[in-house]
Amino acid sequence: MTSALLEDLQWRKSIAQTTDQGELAKYLDGGSRSLYLGFDPTAPSLHIGNLVALTVLRRFQLAGHKPIALVGGATGLVGDPSGRNSERTLNEVEVVNDWVGKIRKQLEGFLDFSGSNPAIMANNLDWTAPVSAIQFLRDVGKHFSVNQMLARESVSARLEAGGISYTEFSYQVLQAFDFLELNRRHDCHLQIGGSDQWGNIVAGVDLIRRVESKSAHALTIPLLAKADGTKFGKTADGSIWLDANMTSPYAFFQFFLNSDDRDVEQLLRTFSFKSHEELESLFESLRINPGAREAHRALAHEVTSLIHGEDQTLKVENAARALFGQSEIRELDEATLESALKELPRTSLTSGQEFPTWVDLLCAAGVVDSKSAARRVVKEGGAYLNNEKISGEDFKPQQSDLLHGRFMVLRKGKRDLAAVEVDS
RNA sequence: GGUGGGUUGCCCGAGCGGCCAAUGGGAGCGGACUGUAAAUCCGCCGGCUCUGCCUUCAGUGGUUCAAAUCCACUACCCACCA
């Protein structure tokens, strides 16, 4: 293996499986190559799990290759059976179209569309929509053996779990067709994806060999495993999204900052674009003085900057510093406080009106789900106003509790914050 | 097609006429310890106008003073036999 890029990916533990690695290395070293990575629109936004493969795609571009980001306008209408033990419910066409647009935007921000090896954006609906069913069955379907299709992990698992519709069964054919089409249009010989995509990718490699008598390559990326065995990127409340309206930059940053110590090294390997030396020194710091959380901060900073921009990240960091810092919250100057609170979930009250009770306020701010929950937390001593524990349910905030005459900082537990602003 | 078993709170899973908002485990939440980490320990864990009230045990209807628990039908799942 000679490709430096592959060596780097190996170091990052970002390679699960590849087709002949020697061949692949030779191919990559031979020039600026096209490669593709696809995402199906199954939600209005990509999430952190998608970021793993996307990061790898970006590494290819930085290494001089030409990335093709494909949004599955067609495949998203069909549904990938991989990794699922039950049939997906089909989404409405208009909904999927809307999601395609949104995901496209996110992808655009992540790759470079200018320069000598610009990225390309593709949508598989462009070449599947014009093809008739008969044409598809004759031109593409003829090259597939059902025996082989049945043997694919994604299908066999489903057969065992009770069955699979013809629709989802056909998914691998569509994805293979995509690879073929991109090979024709953009001379693309490599597809990358999550390790669960191996079967689908290889189906494309086969198709290209059969139809075009050309060789193509596959590279899959391991799914991130967390130390506690749970799925990476999911919290009890759901996924961590890249869309700032779905997961605030503050929450996004906090997610990484709060990573389990045991996961930080791999997360840095996976997501960071820092040099190996810099990363090694962060790992060292993690071992020697984990309490300082230097590696956590570096990780959270870098990933958040990549997604939400450097400016936004600084704001979020400053907010966290102000709100979690040692200094008295009452001593923060108005501008600092205001910008910190901007990053938090917030509610507003109208000035002049009587303040709601403590329980109602916690509820209104969304810190808890119900009044019962609010009472519980208050009773348990986990509710704080401006960093002071308030354990009386009947407590009613007063004018004097306002910081700078208009803010209140609510906190549940150690790190769940919300802001209240009184409009004048 | 036949027969038998099942469907319980976020998940798994007890309960099989009153003592049931329902045992236990997991997840989650709060507290203590720490580092906005992990582990551990303690507490909480349907809702509300909260010493009480309201809505939950697949759905509908029924029996009963009283049902998650009994009966009937419907839907779905599982097992065995054809």
Side-chain angles (χ1 to χ4, degrees), chain A residues 85-87 89 158 160-163 224-240 247-268 282-283 285-301 303-304 313 316-327 329 340-341 343-345 356-396 409-419:
Chain A
N85 51 19
S86 63
E87 195 80 9
T89 36
R158 279 286 292 282
E160 239 157 86
L224 279 180
K226 283 209 298 178
D228 63 9
T230 58
K231 225 174 172 182
F232 168 74
K234 300 263 182 207
T235 66
D237 306 318
S239 299
I240 304 293
T247 298
S248 72
Y250 174 82
F252 188 91
F253 182 89
Q254 291 290 320
F255 171 82
F256 282 100
L257 186 66
N258 287 324
S259 298
D260 190 319
D261 286 7
R262 295 168 294 176
D263 294 327
V264 172
E265 179 173 328
Q266 182 56 50
L267 289 173
L268 279 167
L282 285 173
F283 301 161
S285 150
L286 187 65
R287 271 188 291 274
I288 309 276
N289 185 10
R293 301 199 305 162
E294 193 193 343
H296 295 71
R297 278 176 222 288
L299 170 70
H301 178 91
V303 183
T304 311
T313 304
V316 153
E317 279 176 310
N318 285 333
R321 204 167 300 129
L323 298 165
F324 284 103
Q326 299 308 310
S327 57
I329 200 159
L341 295 185
E343 309 304 330
L344 301 178
T357 62
W358 187 218
V359 164
D360 286 333
L361 191 62
L362 288 165
C363 206
V367 175
V368 290
D369 296 330
S370 68
K371 290 189 187 181
S372 298
R375 288 200 186 87
R376 227 174 275 136
V377 175
V378 170
K379 193 166 58 193
E380 290 168 340
Y384 305 78
L385 172 61
N386 302 332
N387 276 352
E388 269 176 65
K389 182 185 289 183
I390 306 283
S391 42
E393 282 183 30
D394 307 327
F395 171 78
K396 222 175 218 182
V409 180
L410 308 189
R411 176 156 64 90
K412 183 194 73 169
K414 270 190 237 186
R415 44 194 192 187
D416 198 357
L417 294 157

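A note on names: the letters A, B, ... follow the listed sequences, proteins ahead of strands, and every chain is numbered from 1. Predicted, not measured: the structure shown is a model, and the values here were computed from it.
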Neighbour count above 12 (heavy atom, 6.0 Å) for D228(A) CG: yes
Residue met sooner reading RNA chain B from 5', once D261(A) and K412(A) are mapped to nucleotides: K412(A)
Pick the closest RNA chain B nucleotide for G381(A) and for Y250(A) by heavy atoms, then say which residue is nearer the 5' end. G381(A)
d([atom1], [X]; [atom2], [N]) in whole Å:
| X | N | atom1 | atom2 | value |
| --- | --- | --- | --- | --- |
| Q254(A) | rG35(B) | CD | P | 17 Å |
| L257(A) | rG35(B) | CG | P | 15 Å |
| D260(A) | rU36(B) | CG | P | 15 Å |
| K234(A) | rG26(B) | NZ | P | 24 Å |
| D394(A) | rU49(B) | CG | C1' | 14 Å |
| K226(A) | rA37(B) | NZ | C1' | 12 Å |
| R287(A) | rA38(B) | CZ | C1' | 17 Å |
| L286(A) | rG35(B) | CG | C1' | 12 Å |

Using the [atom1] atom in both, what is the distance from [N] to [M], to the nearest Å?
| N | M | atom1 | result |
| --- | --- | --- | --- |
| rG28(B) | rG46(B) | C1' | 15 Å |
| rC71(B) | rU63(B) | C1' | 7 Å |
| rG24(B) | rG15(B) | P | 14 Å |
| rC11(B) | rC16(B) | C1' | 23 Å |
| rU8(B) | rU60(B) | P | 16 Å |
| rA21(B) | rA67(B) | P | 12 Å |
| rU69(B) | rA58(B) | C1' | 15 Å |
| rU3(B) | rA68(B) | P | 30 Å |

Phosphate OP1/OP2 of rG47(B): any R376(A) side-chain N/O under 4.0 Å: yes
Hey, does [X] reach any base, or is it just sugar-phosphate, or nothing, if we go heavy atoms under 4.0 Å?
| X | result |
| --- | --- |
| A292(A) | nothing |
| N258(A) | base |
| T230(A) | nothing |
| G382(A) | sugar-phosphate |

Grab the two heavy atoms, one from [X] and one from [Y], that are nearest each other, plus how far apart they are.
| X | Y | value |
| --- | --- | --- |
| V368(A) | A374(A) | CG2-CB, 3.6 Å |
| E393(A) | V378(A) | N-CG1, 4.0 Å |
| T235(A) | I240(A) | CG2-CD1, 3.9 Å |
| D416(A) | V367(A) | OD2-O, 3.9 Å |

Could you work out, with side chain to side chain contact (heavy atoms under 4.5 Å, CB included) as the rule, every residue matching K231(A), not counting sequence neighbours? K234(A)
Taking only residues two or more places apart in sequence, or in another chain, which ones meet N386(A) in a side chain to side chain contact (heavy atoms under 4.5 Å, CB included)? I329(A), R330(A), L403(A), M408(A), V409(A)
Working note: H301(A) + F256(A), criterion side chain to side chain contact (heavy atoms under 4.5 Å, CB included); need CA distance, chi angles, decisive distance, verdict. CA-CA 9 Å; H301(A) 178 91; F256(A) 282 100; over 6 Å; no
Among the nucleotides [options], which one has an atom lying closest to any side-chain atom of [X]?
| X | options | result |
| --- | --- | --- |
| Y384(A) | rG31(B), rA38(B), rC33(B) | rG31(B) |
| R262(A) | rG30(B), rU36(B), rA38(B) | rA38(B) |
| K414(A) | rC33(B), rG30(B), rG35(B) | rC33(B) |
| H296(A) | rU36(B), rG35(B), rC29(B) | rG35(B) |

Holding to ring-ring contact (aromatic ring centres under 6.0 Å, His included), I want the full list of residues that pass it with F395(A), two or more places apart in sequence or in another chain. W358(A)
When you measure from the side chain of R293(A) to the backbone N and O of A295(A), does any donor-acceptor pair fall under 3.5 Å? no
Nearest-0.5 Å distance that lies between atom [atom1] in [X] and atom [atom2] in [Y]:
| X | Y | atom1 | atom2 | value |
| --- | --- | --- | --- | --- |
| K226(A) | Q266(A) | NZ | CD | 14.0 Å |
| D263(A) | H296(A) | CG | NE2 | 8.5 Å |
| L282(A) | E294(A) | CG | CD | 5.5 Å |
| L417(A) | L410(A) | CG | CG | 9.0 Å |

Distances under 3.5 Å between nitrogen or oxygen atoms of protein and nucleotides 40-43 of chain B:
residue	atom	partner	partner atom	Å
rG43(B)	N2	E380(A)	OE2	3.2

Looking at RNA chain B, which of residues 360-374 of chain A put a heavy atom within less than 4.0 Å of it? S370(A), K371(A), S372(A)
Find the runs of at least 3 consecutive base pairs, i with j, i+1 with j-1 and so on, that include RNA chain B, using Watson-Crick or G-U wobble geometry with both distances under 3.5 Å. B:1-7 with B:75-81, B:10-12 with B:24-26, B:28-32 with B:40-44, B:46-48 with B:52-54, B:58-62 with B:70-74
